[in-house]
Asker: 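Please find one structure pasted underneath; my questions will follow.
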Amino acid sequence: MIKAVVTGHSRGLGAAVAENLLAREIAVLGLARSGHPDLAARSAGRLTEVALDLADAAALVRWLEGGTLAAFAADADTLLLVNNAGLLAPVGILAAQPPAAVVQAATCNVAAALALATAAAQAVAGRAELRVLHVSSGAGRNAIAGWSVYGAGKAALDHHARTVAADATPGVRICSLAPGVVDTDMQAQIRATPLDDFPLRGKFEALKANGGLATPADCAAGVVAHLLSDRFGEAPVADLRELG
Ligand code: NAP
């Protein structure tokens with residue numbers, strides 16, 4: 001049986017990934033601060049939701065030690081982990097970034113993803129296949145002014161995937177995948193950023209105005225197709241727009 005853990009399943013790309021997996025009758029454990037009652041109601045009991053702030057390292061460690069993940073994975077012969085939850089803030093030059101927001105972003109965007117990958121590997125303990133998909137971004141591969149914290153976090157996910165792939169652990173596949181530009185709350189947040197903090201804002205306004213954003217459902221269809229494909233993990237760092 002295939003089962004999936006999806007972080008940030010409450011809205012945006014994560015909600016669409018969870019919905020796509022559930023439509024394939026794959027049970028999903030969703031982790032986010034808020035829930036997705038509508039999706040839960042339509043999931044025939046296959047969506048389990050956990051309210052968790054992934055920017056709170058102590059809360060995450062407490063939850064990981066509580067055994068919920070291991071119990072969820074116990075009857076899976078393939079466990080999927082989609083590290084999707086992400087925070088854009090803080091945006092701006094170094095001196096404009098509140099240090100507390102830097103710590104929160106680094107915890108949610110990097111530390112939680114890495115800790116969940118480790119915990120998932122321990123939960124399957126060589127008994128089942130593990131596929132880890134980090135939701136990355138072009139911002140981790142190109143330097144975008146104003147996004148030093150966000151971009152550094154995505155670059156960290158990319159390098160984590162490269163290095164875990166180098167471990168070549170039997171039964172473990174990993175890919176850090178840039179999804180393209182997707183019409184979510186995060187994009188609305190990008191377009192609402194003051195120009196002084198984010199000089200490239202006009203490019204994202206134009207993408208929205210010209211229909212250049214993927215819908216969450218279309219993007220999720222590509223993400224899940226890749227996650228379930230035989231080729232998953234062949235390239236530890238990939239861009240959904242470049243996959244054939
Ligand atoms: P979004 O609409 O802002 O949704 C973010 C999701 O992450 C929500 O479900 C949110 O749930 C969850 N999340 C945020 N902070 C959290 C926290 N502290 N603890 C637990 N969950 C948290 O963003 P999105 O556009 O769907 O982005 C999803 C992923 O795609 C992110 O990793 C983002 O970096 C990446 N990405 C997006 C784009 C794009 O164009 N949209 C492009 C490249 C990469 P709660 O608020 O309920 O906690």
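In each ligand, atom 1 is the first atom listed, and ligand 1 is the first ligand listed.
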Asker: Identify the protein heavy atom lying closest to atom 32 (O) of ligand 1, giving its residue, its atom name and the separation to 0.1 Å.
Answerer: Asn84 O, 2.7 Å
Asker: Among all protein heavy atoms, pick the one closest to atom 12 (C) of ligand 1 and tell me residue, atom and distance.
Answerer: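 For atom 12 (C) of ligand 1, the nearest protein heavy atom comes out as Gly8 CA, 3.6 Å.
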Asker: I need the atoms of ligand 1 closer than 4.0 Å to a non-hydrogen atom of Gly180, numbered in the order shown.
Answerer: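 Once the distances to Gly180 are compared, the set is 38 (C), 40 (O), 42 (C), 43 (C).
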Asker: Hey, which atoms in ligand 1 end up nearer than 4.0 Å to a heavy atom of Leu52?
Answerer: 19 (N), 20 (C)
Asker: Run the numbers for me: atoms of ligand 1, each under 4.0 Å from some heavy atom of Asp53, listed by number.
Answerer: 17 (C), 18 (N), 19 (N)
Asker: May I ask you to identify the nearest protein heavy atom to atom 11 (O) of ligand 1, giving residue, atom name and distance to one decimal place in Å?
Answerer: Ser10 OG, 2.9 Å
Asker: Is there at least one pair of N or O atoms, one from Ala32 and one from ligand 1, spaced under 3.5 Å apart?
Answerer: no
Asker: Is any NZ, NE, NH1 or NH2 atom of the basic residue among Arg42 and Glu19 found under 4.0 Å from an Asp or Glu carboxylate oxygen of the other?
Answerer: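 Result for this pair is yes, salt bridge flagged.
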Asker: To check your reading of the model: name the closest protein heavy atom to atom 26 (O) of ligand 1, its residue, and the distance in Å.
Answerer: Leu13 N, 2.8 Å
Asker: In terms of relative ring orientation, are Trp147 and Phe198 parallel, tilted or perpendicular, with 30° and 60° separating the classes?
Answerer: parallel
Asker: Specify the closest pair of heavy atoms between Pro179 and Ser136, including all atoms of both residues, with the distance to one decimal.
Answerer: CD-O, 3.2 Å
Asker: Hey, does Thr7 sit under 4.0 Å from ligand 1 if you only count heavy atoms?
Answerer: no
Asker: List the residues meeting side chain to side chain donor-acceptor pair (under 3.5 Å) with Thr169, not counting sequence neighbours, and say none if there are none.
Answerer: none
Asker: Do ligand 1 and Ser137 have nitrogen or oxygen atoms that lie under 3.5 Å from each other?
Answerer: no
Asker: Taking 4.0 angstrom as the limit and counting only heavy atoms of Tyr150, give me the atoms of ligand 1 inside it, by number and element.
Answerer: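 Contacts of ligand 1 toward Tyr150, numbered from 1: 33 (C), 34 (O), 35 (C), 36 (N), 44 (C).
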Asker: Atom CG in Leu88, atom CD in Gln189: separation rounded to 0.5 Å?
Answerer: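 Rounded to the nearest 0.5 Å, the CG-CD separation comes out at 5.0 Å.
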Asker: What residue and heavy atom of the protein are closest to atom 23 (O) of ligand 1, and at what distance?
Answerer: Met186 CB, 3.6 Å
Asker: I'd like to know if Asp77 and Lys3 make a salt bridge, using a cut-off of under 4.0 Å between side-chain N and carboxylate O.
Answerer: no
Asker: Would you call Lys203-Glu205 a salt bridge at under 4.0 Å N-O?
Answerer: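 No, Lys203 and Glu205 are not salt-bridged.
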Asker: Quick one: pull up OG1 in Thr78 and CG in Leu228 and give me the separation to the nearest 0.5 Å.
Answerer: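 Atom-to-atom, Thr78:OG1 and Leu228:CG are 9.0 Å apart.
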Asker: Can you sort out which atoms of ligand 1 are near Ala55, meaning under 4.0 Å from one of its heavy atoms?
Answerer: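 Every atom of ligand 1 under 4.0 Å from some heavy atom of Ala55: 18 (N).
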Asker: Can you tell me which portion of Gln189 lies within the under-4.0 Å heavy-atom range of ligand 1? Options are side chain, backbone, both, or neither.
Answerer: neither
Asker: With heavy-atom distances below 4.0 Å as the criterion, list the atoms of ligand 1 near Gly12.
Answerer: 2 (O), 26 (O)
Asker: Measuring from atom 44 (C) of ligand 1, which candidate in Ser136, Ala178, Gly86, Pro216 has the nearest non-hydrogen atom?
Answerer: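 Residue with the shortest heavy-atom distance to the ligand atom: Ser136.
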Asker: Which of the atoms of ligand 1 are close to Leu54, meaning less than 4.0 Å from one of its heavy atoms?
Answerer: 17 (C), 18 (N), 19 (N), 20 (C)
Asker: Give the residue and atom name of whichever protein heavy atom lies nearest to atom 10 (C) of ligand 1, and the separation in Å to one decimal.
Answerer: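 Looking at atom 10 (C) of ligand 1, the protein heavy atom closest to it is Arg11 NH2, 3.6 Å.
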Asker: Between CD of Gln187 and NZ of Lys208, what distance do you get to the nearest 0.5 Å?
Answerer: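 Output value for this atom pair is 9.0 Å.
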Asker: Please confirm whether Lys154 approaches ligand 1 to less than 4.0 Å, judged on its heavy atoms.
Answerer: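 It does; at least one heavy atom falls under 4.0 Å.
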Asker: Does any donor atom in the side chain of Ser176 or Asp158 lie under 3.5 Å from an acceptor atom in the other side chain?
Answerer: yes
Asker: When you check the side-chain N and O atoms of Thr7 and Asn84, is any donor under 3.5 Å from an acceptor?
Answerer: no
Asker: Considering only the protein, which heavy-atom contact is closest to atom 30 (O) of ligand 1, and what is its distance?
Answerer: Val135 CG1, 3.2 Å
Asker: Decide whether Glu49 and Ser10 meet the rule of one side-chain donor and one side-chain acceptor closer than 3.5 Å.
Answerer: no
Asker: If you count the atoms of ligand 1 from 1 in the order shown, which ones are under 4.0 Å from a heavy atom of Val181?
Answerer: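 Answer, ordered by atom number: 40 (O).
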Asker: Would you be so kind as to tabulate the donor-acceptor pairs closer than 3.5 Å made by side chains of residues 50-71, with sequence neighbours excluded?
Answerer:
unit_1 : atom_1 : unit_2 : atom_2 : d
Asp53  : OD1    : Ala55  : N      : 2.9
Asp56  : OD1    : Ala58  : N      : 3.3
Asp56  : OD1    : Ala59  : N      : 3.1

Asker: For atom 24 (P) of ligand 1, what is the closest protein heavy atom, and at what distance to 0.1 Å?
Answerer: Thr184 OG1, 3.5 Å
